[in-house]
Amino acid sequence: MEITGEFIAFFILSILAICGAVFMIFFTNVVHMGVSMAFTFLSIAGIYFLLNADFLAVIQIMVYTGAISILMLFGIMMTRHKETEEKLNRPIHYGLSIAGAGVLLVSLVLLSRGATFVSDAVDTKGYGIEKIGELFFGTYMIPFELASILLLVALIGSIIIAKKEGQE
Amino acid sequence: MDLFFYLGPIILMLLLLGFVTYAILFERKVIGWIQNRPGPNQVGPWGLFQTIADVAKLLLKEDIVPGKADRALFKLAPIIAFVPAFAILAVIPFTESWQFGDFAVGLLYYIAISSITIIGILTGAWASNNKYSLLGGMRSAAQMISYEIPLVLSVVGIVMTTGSLDLNDIVLAQKKVWFIVPQFLAFLIFLIASLAELNRTPFDLPEAESELVAGYHVEYTGFRFAFFMLAEYVYVFAMASLTTCLFLGGWLPLFGLTMIPGILWFLLKFSLVVFSLFWIRATMPRLRVDQLMQFAWKVLLPLSLLNIFLTAIFKEIPVLSSFY
């Protein structure tokens with residue numbers, strides 16, 4: 001296998017993403033978990049960049065790293081007083097989750113062996129933001145607008161619930 | 001070309017350090033001049049070595065990590081805050097040929113990457129284990145998130161006019177008239193929101209000395225404190241460059257004076273923006289914390305939506321549509 005800059009970048013980014021996810025599970029401090037999760041989100045955005053999906057990568061950073069991680073950290077810092085969690089000792093849970101993860105791994109391996117991948121280099125030039133815009137506001141106009149209305153309803157609903165709790 | 005690929009960022013870093021050194025001196029001189037006092041004038045002729053002396057002091061200081069701080073995050077936070085500040089410079093087109101990465105989504109890249117700095121500020125504030133720094137970090141995060149929305153929406157008008165998110169295309173679209181003329185409302189919103197993003201007066205609540213001691217970096221000393229300050233001034237550099245590219249026509253000459261090279265035009269406009277940032281700092285009082293959020297959500301956000309609406313209408317009017 002030829003070692004290119006792309007390969008090295010992919011290697012580093014995937015290690016960062018996996019480490020972030022693993023640390024997220026094994027850290028006991030909630031803020032540490034938040035930061036390692038942000039690293040995972042960022043490395044995944046980097047992998048999107050490598051795949052020439054610039055728009056997706058930028059939106060990934062904007063929404064997940066920029067907004068969601070910060071909101072989570074913010075929420076944790078505002079509300080949690082006890083920062084570290086004790087390690088829970090639940091052998092049945094551990095067993096079940098390891099079995100579940102094993103099944104997921106096996107099925108992923110089987111699926112990816114059976115699937116056919118496009119091995120030739122695909123020209124990604126035509127899939128820029130113009131194309132995305134045309135699809136969103138042309139073909140998928142109604143689902144797109146419905147999704148935005150759903151988000152708006154959720155936003156207003158959460159405000160109303162928060163207001164009710166404040167009045168009591 | 002290959003040599004430039006490796007050396008370019010290093011040259012840019014050195015230029016940036018030079019800029020930050022003299023921007024701080026310039027800021028203090030300008031504020032001194034506005035407030036009728038000489039400003040720094042003791043170290044070197046005209047105070048030219050003042051910042052160098054300050055930085056040397058910071059680097060020689062004892063490196064203190066507070067006993068009850070979260071050591072790992074405390075050390076990591078300045079890096080998280082600084083790295084994105086430098087990374088966003090990759091998409092700024094300084095001249096036609098002098099740009100590090102030509103993205104089709106350059107503008108979005110800038111906005112997305114710059115929001116990572118907030119994580120650095122928040123973790124630094126929390127890791128210091130100090131209530132003032134935590135309050136400062138919270139204020140900073142809340143402010144930067146709220147003002148990011150009008151900042152992004154104010155440039156949507158420009159994106160609609162150009163039909164591209166590529167900063168090169170945006171600059172080239174200003175050949176006839178700079179966007180500051182047809183998009184004046186957007187320019188005002190952008191300027192105010194960028195001041196808030198930079199945490200500068202009148203929006204420097206995260207660092208309000210009289211309320212919070214010093215804000216999120218209250219426990220930081222020496223080299224790490226210098227890193228936070230460096231990140232702040234690199235953002236001044238980046239934001240001034242972005243304003244130049246978006247509203248003032250980037251490297252394009254004025255009055256067809258093409259014999260002056262593009263980089264000089266860029267520098268002139270850039271310096272003008274930097275000067276006005278310092279000017280605003282010297283003349284404005286600080287906002288109250290309750291006015292701050294109301295202003296972002298109730299004034300700037302509706303205005304930027306109005307701007308998008310107006311741009312869409314003007315695009316359809318025959319006489320005006322040549323400008324939009």
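Remember, predicted model here, so these are calculated numbers, not experimental data. Chain A is the first sequence line, chain B the second, and so forth, proteins listed ahead of strands; every chain is numbered from 1.
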Please state whether the side chain, the backbone, both or neither of B:Ala125 comes within less than 4.5 Å of a heavy atom of chain A. neither

Are there residues of residues 61-68 of chain A whose heavy atoms fall under 4.5 Å of chain B's heavy atoms? If so, which? A:Ile61, A:Met62, A:Thr65, A:Gly66

Does a sphere of radius 6.0 Å around CZ in B:Phe295 hold more than 12 heavy atoms from other residues, nucleotides or ligands, not counting ones at 6.0 Å or beyond? yes

Heavy atoms of other groups near A:Ile142 CD1, more than 12 under 6.0 Å: no

Heavy-atom distance under 4.5 Å to chain A: side chain of B:Leu108, backbone, both or neither? both

Check the surroundings of atom CZ in B:Phe86: do more than 12 heavy atoms from other residues, nucleotides or ligands lie under 6.0 Å from it? yes

A:Met72, CE: over 12 other non-hydrogen atoms inside 6.0 angstrom: no

Segment of A:Leu71 engaging chain B (4.5 angstrom heavy-atom cut-off): neither

Ignoring hydrogens and angles, write down the donor-acceptor pairs under 3.5 Å from the side chains of residues 111-120 of chain B, residues two or more places apart or on other chains.
from     : atom 1 : to       : atom 2 : distance (Å)
B:Ser114 : OG     : B:Tyr110 : O      : 3.1
B:Ser114 : OG     : B:Ile111 : O      : 3.0
B:Ser115 : OG     : B:Ala112 : O      : 2.6
B:Thr117 : OG1    : B:Ala81  : O      : 3.3
B:Thr117 : OG1    : B:Tyr235 : OH     : 2.5

With a sphere of 6.0 Å drawn around CD1 of A:Ile92, does it hold more than 12 non-hydrogen atoms of other residues, nucleotides or ligands? no

With rounding to the nearest 0.5 Å, note down the distance linking CD1 in B:Ile121 to CD1 in A:Ile70. 9.5 Å

Under 4.5 Å from a heavy atom of chain B, the part of A:Phe41 involved: neither

Can you sort out the partners of B:Asp169 under side chain to side chain donor-acceptor pair (under 3.5 Å), two or more places apart, ordered by chain and number? B:Ser164

Rounded to the nearest 0.5 angstrom, the CG-NE2 distance for B:Leu76 and A:His32 is 9.5 Å

Other residues, nucleotides and ligands only: do more than 12 of their heavy atoms fall within 6.0 Å of CZ on A:Phe144? yes

Side-chain atoms of residues 149-157 of chain A: list all donor-acceptor pairs with protein atoms under 3.5 Å, sequence neighbours left out, distances to 0.1 Å.
none

Non-hydrogen atoms of chain A under 4.5 Å away: do they reach the side chain of B:Leu73, the backbone, both or neither? side chain

